[in-house]
Peer 1: 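Structure below; questions to follow.
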Amino acid sequence: VGFHEVIITKHHTKEIPKFTEEQTKELIDVYHARYIALKDTDFVNYIAIFKNKGPTAGATVAHPHSQLIATPITDPDIERSLQGSLEYFQQYAKCVHCQMLEWDRMEKKRIVYENECFTAVCPFASVVAFEVRIYPRAHLPYFETIDESQKECFAQALLATMKKLDKALKNPDYNYFLHTSPADGKRYDHYHWHWEILPKTSTWAGFELGTGIEISTIEPETAAAFLRKQ
């Protein structure tokens, strides 16, 4: 049981890097509104928002679109992330994502873009080359709690990041998705929602599939420096 919704943008070929800030904000408004509409349904415990762009990212329909799936279970990746952030909080009484973000903002080597309330960063242990995560600089466990000002800031950060990736990697296929605290009614004050963008710059083969170990061909510091220039 659950819900599956498709969010379809109007233009047949225009992707996010060609949007205006107003159009990007409108897309985020739809994500936010649909999240809020479904989160209190009895059998909904987690809501995934994601986009697959291009055939190597799993897209089977050419018209630009993204998707929302609301399920009664929380996926294992989020469960691991929640457990890790909880263990760190229990030991240090601090949010691990806030600590990582503070470190990255101090070092400045992996920062791709910043505005008043969001930071885009190539994470220290990137899953793929040119992976970017966008974090609210304030500690926010729940995506649904962002206000209008924060949505405007997020739209600005998402658009700027997507433009940089588009220019640097020449219109790559990619997946992006939301990671946020579950909608199961429990408290997750230790977590920190964020947006993950994974460009498709290579194909997983026998080693990656057989071992579960990812190979990235570029250091995140080098990737971030290249993206900053775009």
Peer 1: Report the C-alpha separation of I8 and H63 in whole Å, then their side-chain angles, then the decisive distance to 0.1 Å, and conclude whether the side-chain contact (heavy atoms from CB on, under 4.5 Å) test is met.
Peer 2: CA-CA 8 Å; I8 305 167; H63 191 107; 3.5 Å; yes

Peer 1: CZ of R133 to OG of S126: how many Å apart, nearest 0.5 Å?
Peer 2: 7.5 Å

Peer 1: Is the ring pair H97/H194 parallel, tilted or perpendicular, if the boundaries are 30 and 60 degrees?
Peer 2: tilted

Peer 1: Regarding Q83 and E87, do their side chains bring together a donor and an acceptor under 3.5 Å, going by distance alone?
Peer 2: yes

Peer 1: Cluster question for you: counting only ILVMFWY and a side-chain heavy-atom cut-off of under 4.5 Å, with indirect links fine, are I134 and I16 together?
Peer 2: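 Looking at the clustering, I16 is in the same group as I134.
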
Peer 1: Give a yes or no on whether the backbone of C153 and the side-chain of N115 come within a donor-acceptor separation of less than 3.5 Å.
Peer 2: yes

Peer 1: Between E148 and K25, does a salt bridge (Lys or Arg N to Asp or Glu O under 4.0 Å) hold up when you go through it step by step?
Peer 2: CA-CA 9 Å; E148 284 300 306; K25 166 67 163 49; 2.8 Å; yes

Peer 1: Please report the interatomic distance NZ(K39) to CD(E144), rounded to the nearest 0.5 Å.
Peer 2: 5.0 Å

Peer 1: Could you tell me whether the side chain of Y35 reaches within less than 4.5 Å of the side chain of I49, counting heavy atoms only?
Peer 2: yes

Peer 1: Please indicate whether D147 has more than 12 foreign heavy atoms, meaning atoms of other residues, nucleotides or ligands, lying under 6.0 Å from its CG.
Peer 2: yes

Peer 1: Specify the closest pair of heavy atoms between L140 and Q150, including all atoms of both residues, with the distance to one decimal.
Peer 2: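 Heavy atoms of L140 and Q150 come nearest at CD1-NE2, 3.7 Å.
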
Peer 1: Start with the C-alpha distance between L227 and V132, add both sets of side-chain angles, then the distance that settles side-chain contact (heavy atoms from CB on, under 4.5 Å), and finish with yes or no.
Peer 2: CA-CA 10 Å; L227 291 173; V132 180; 3.9 Å; yes

Peer 1: Ring pair (Phe, Tyr, Trp, His ring centres under 6.0 Å) with W195: which of F118, Y31, Y135, F177?
Peer 2: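 It is Y31; the other options fail the test.
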
Peer 1: Less than 4.5 Å apart, any side-chain heavy atom of P136 and any of W193?
Peer 2: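 Result yes, sub-4.5 Å side-chain heavy-atom pair found.
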
Peer 1: Got more than 12 heavy atoms from elsewhere within 6.0 Å of NZ, K94?
Peer 2: no

Peer 1: Would you name the heavy atoms of H139 and D189 that are closest together and state the gap between them?
Peer 2: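 Nearest heavy atoms, H139 then D189: NE2-O, 2.6 Å.
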
Peer 1: Measure the shortest side-chain to side-chain distance between D77 and H179 over non-hydrogen atoms and say whether it is less than 4.5 angstrom.
Peer 2: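 Yes, close enough: below the 4.5 Å cut-off.
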
Peer 1: In a table with atom names and distances, give each donor-acceptor pair under 3.5 Å that connects a side chain of residues 204-212 to protein atoms at least two apart or in another chain.
Peer 2:
| unit_1 | atom_1 | unit_2 | atom_2 | d |
| --- | --- | --- | --- | --- |
| E208 | OE1 | A205 | N | 3.0 |
| T211 | OG1 | F207 | O | 2.5 |
| T211 | OG1 | I213 | N | 3.1 |

Peer 1: Taking it one step at a time, do I47 and L178 satisfy side-chain contact (heavy atoms from CB on, under 4.5 Å)?
Peer 2: CA-CA 9 Å; I47 300 174; L178 167 69; over 6 Å; no

Peer 1: Tell me, do K18 and H11 make a side-chain contact under 4.5 Å, heavy atoms counted?
Peer 2: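 Of all side-chain heavy-atom pairs linking H11 with K18, none is under 4.5 Å.
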
Peer 1: Give a yes or no on whether the backbone of V127 and the side-chain of E131 come within a donor-acceptor separation of less than 3.5 Å.
Peer 2: yes

Peer 1: Quick one: do L158 and I7 end up in the same hydrophobic cluster if we chain Ile, Leu, Val, Met, Phe, Trp and Tyr together by side-chain heavy atoms under 4.5 Å apart?
Peer 2: yes

Peer 1: Please report the C-alpha distance between K53 and E15 in whole Å, then the side-chain angles of each, then the deciding distance to 0.1 Å, and finally whether the salt bridge (Lys or Arg N to Asp or Glu O under 4.0 Å) criterion is met.
Peer 2: CA-CA 9 Å; K53 187 265 183 182; E15 290 283 359; 5.5 Å; no

Peer 1: Using a 6.0 Å cut-off, check whether atom CD of E26 has over 12 heavy atoms from anything other than its own residue.
Peer 2: no

Peer 1: Using a 3.5 Å distance criterion without hydrogens, assess whether the side chain of N175 forms a donor-acceptor pair with backbone atoms of A57.
Peer 2: yes

Peer 1: Would you say K51's side chain and Y176's backbone share a donor-acceptor pair under 3.5 angstrom?
Peer 2: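 Not at all, since once roles are kept as given, no pair shorter than 3.5 Å links the two residues.
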
Peer 1: To the nearest 0.5 Å, tell me how far Y46 OH sits from I73 CD1.
Peer 2: 12.0 Å

Peer 1: Would a distance-only check, ignoring hydrogens and angles, find a side-chain to backbone donor-acceptor pair under 3.5 Å from K108 to R105?
Peer 2: yes

Peer 1: If you compare all heavy atoms of F130 against all heavy atoms of I218, which two are closest, and at what distance to 0.1 Å?
Peer 2: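 Closest heavy-atom pair between F130 and I218: CZ-CD1, 3.7 Å.
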
Peer 1: Considering non-hydrogen atoms only, spot the tightest contact between L82 and S85 and give its length.
Peer 2: O-OG, 3.0 Å

Peer 1: Membership question, hydrophobic clusters at under 4.5 Å side-chain separation (ILVMFWY): are M162 and L198 in the same one?
Peer 2: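 L198 and M162: separate clusters.
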
Peer 1: Report, as yes or no, whether the 6.0 Å neighbourhood of atom CZ on F43 holds more than 12 heavy atoms from other residues, nucleotides or ligands.
Peer 2: yes

Peer 1: Side chains of V128 and S202, heavy atoms from C-beta outward: is any pair under 4.5 Å?
Peer 2: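 Result no, sub-4.5 Å side-chain heavy-atom pair not found.
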
Peer 1: Should we count NZ of K109 as having more than 12 external heavy atoms under 6.0 Å?
Peer 2: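 At most 12 heavy atoms, drawn from other residues, nucleotides or ligands, come within 6.0 Å of this atom.
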
Peer 1: Could you tell me whether E116 atom CD has more than 12 heavy atoms of other residues or ligands within 6.0 Å of it?
Peer 2: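 Counting other residues, nucleotides and ligands, CD of E116 stays at 12 neighbours or fewer.
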
Peer 1: Does C98 reach the side chain of E102, with side-chain heavy atoms less than 4.5 Å apart?
Peer 2: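 They are not in side-chain contact.
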
Peer 1: Using side-chain contact (heavy atoms from CB on, under 4.5 Å), reason through Q67 and N52 one step at a time and then give a plain yes or no.
Peer 2: CA-CA 9 Å; Q67 300 177 64; N52 307 324; 4.0 Å; yes

Peer 1: When rounded to the nearest 0.5 angstrom, what distance separates CD in E219 from SG in C122?
Peer 2: 11.5 Å

Peer 1: Aromatic contact between Y188 and F89, with the criterion being ring centroids under 6.0 Å apart: yes or no?
Peer 2: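 No; F89 has its ring centre 6.0 Å or more from that of Y188.
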
Peer 1: For a quick test of reading the model, state the closest non-hydrogen atom pair linking P72 to N45 and the distance between them.
Peer 2: O-ND2, 2.9 Å

Peer 1: So E107 and E221, do their side chains get closer than 4.5 Å, heavy atoms only?
Peer 2: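 No. Closest side-chain heavy atoms not under 4.5 Å.
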
Peer 1: Do V121 and Y113 sit in the same hydrophobic cluster, where Ile, Leu, Val, Met, Phe, Trp and Tyr count as joined when their side-chain heavy atoms come under 4.5 Å apart?
Peer 2: no

Peer 1: Rounded to the nearest 0.5 Å, what separation is found between the NE2 atom of H32 and the OG1 atom of T145?
Peer 2: 7.0 Å

Peer 1: Is there a donor-acceptor pair closer than 3.5 Å between any side-chain N or O of D166 and the backbone N or O of P17?
Peer 2: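 No: the side chain of D166 does not pair with the backbone of P17.
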
Peer 1: Could you check whether any side-chain N or O of T24 sits under 3.5 Å from a backbone N or O of L159, counting only pairs where one atom can act as donor and the other as acceptor?
Peer 2: no

Peer 1: For I146 and K151, which heavy atoms make the closest approach, and how far apart are they?
Peer 2: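 For I146 versus K151, the nearest heavy atoms are CD1-CG, 3.3 Å.
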
Peer 1: Tell me whether V1 is reachable from L68 by hopping between hydrophobic residues (I, L, V, M, F, W, Y) whose side-chain heavy atoms are closer than 4.5 Å.
Peer 2: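 Yes, one cluster joins them.
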
Peer 1: Please check if the side chain of Q230 supplies one atom and the backbone of F226 the other of a donor-acceptor pair under 3.5 Å.
Peer 2: yes

Peer 1: Taking atom CZ of R110 and atom OG1 of T119, what is their separation to the nearest 0.5 Å?
Peer 2: 13.0 Å

